[in-house]
Amino acid sequence: MTEKINPNCAKCPIGACDPKIKVEEKPSLNTAPGYCPMKNMPEIIERAVSDYDEPGVKEFARLASIQEFECYEHTPEGRRTKNPRILELIQFAEKCGYKKLGLAFCAGLTSEARTLTGLLENRSFEVVSVRCKVGAIPKERIGIKPQEKIAGVENYESMCNPIAQAELLNEAKVDLAVMLGLCVGHDTLFFKYCRVPVTVLAVKDRVTGHNPLAALYLADSYYSRLKTKKINK
Ligand code: SF4
């Protein structure tokens, strides 16, 4: 059996999946690279596309696409963006007819969670919010050693509890859960245990004001240490 070549879209120089052609023309794979999944794994793409035939999925995808469209406006000067992600989130939730939103937030973003809750309530959503430290379970419960606690060896420190955050939002039967600033790994567990639809408002980045791409944009200059092969401590 020949081994499948894994997709490597991030290195693709042409983007044949989004050709700049007229509506009556057909996309061509002639110039797509050897690692293009449209060439190597068409059956997986076909199977995925058939999932949109499920009416609920199709409608969700349609509304998401309309939301994407509405984040732009066409002006005499050309196309430009208009909605920050918070507005995009609110508009999408309204489009879907959602009434009850869940908010899983990091203790470090408590103030942001409060502001966001006010904004959402102002738009008539019911908001169920759960902080990451919920449960007040000491970090020792998951095998953390005293010297591995941020608060110091002599202090009590609650573990982040993304599983409980997910389960509490599942229990509240929120229409949509919103992740706000959970750490790497904690967010992974939250997604794993969430049984309601989830979206992300912001990811945690302690250094860049929760904008991880800032470091990427500076990878050729001030953050060039990101490019070294050994792990930066
Ligand atoms: S799907 Fe194919 S054409 Fe599109 S970015 Fe990936 S490799 Fe390139």
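None of the values given here were measured: they were computed from a predicted structure. Read the numbers this way: they start at 1 and go in the same order the structure lists the ligands and their atoms.
- Ranking protein heavy atoms by distance to atom 4 (Fe) of ligand 1, first place goes to Cys17 SG, 2.4 Å.
- Residue, atom and distance of the protein heavy atom nearest to atom 3 (S) of ligand 1 are Ala16 N, 3.0 Å.
- Within a 6.0 Å radius of OH in Tyr52, no more than 12 heavy atoms belonging to other residues, nucleotides or ligands are found.
- Salt bridge Lys4/Glu43: present, at least one basic N to carboxylate O contact under 4.0 Å.
- Close contacts between ligand 1 and Cys36 involve ligand atoms 1 (S), 2 (Fe), 3 (S), 7 (S) [criterion: under 4.0 Å to a heavy atom].
- Among the atoms of Cys12, none of the N, O or S atoms falls under 2.8 Å from atom 4 (Fe) of ligand 1.
- At a threshold of 4.0 Å, the pair Arg195-Glu167 counts as salt-bridged, since one of the basic side-chain nitrogens sits closer than that to a carboxylate oxygen.
- Near Cys9, the atoms of ligand 1 lying under 4.0 angstrom from a non-hydrogen atom of the residue are 1 (S), 5 (S), 6 (Fe).
- Ion pairing of Lys20 with Asp18 is present here, as a side-chain N (NZ or NE/NH1/NH2) and a carboxylate O approach within less than 4.0 Å.
- Centroid-to-centroid, the aromatic rings of Phe92 and Phe60 come within less than 6.0 Å.
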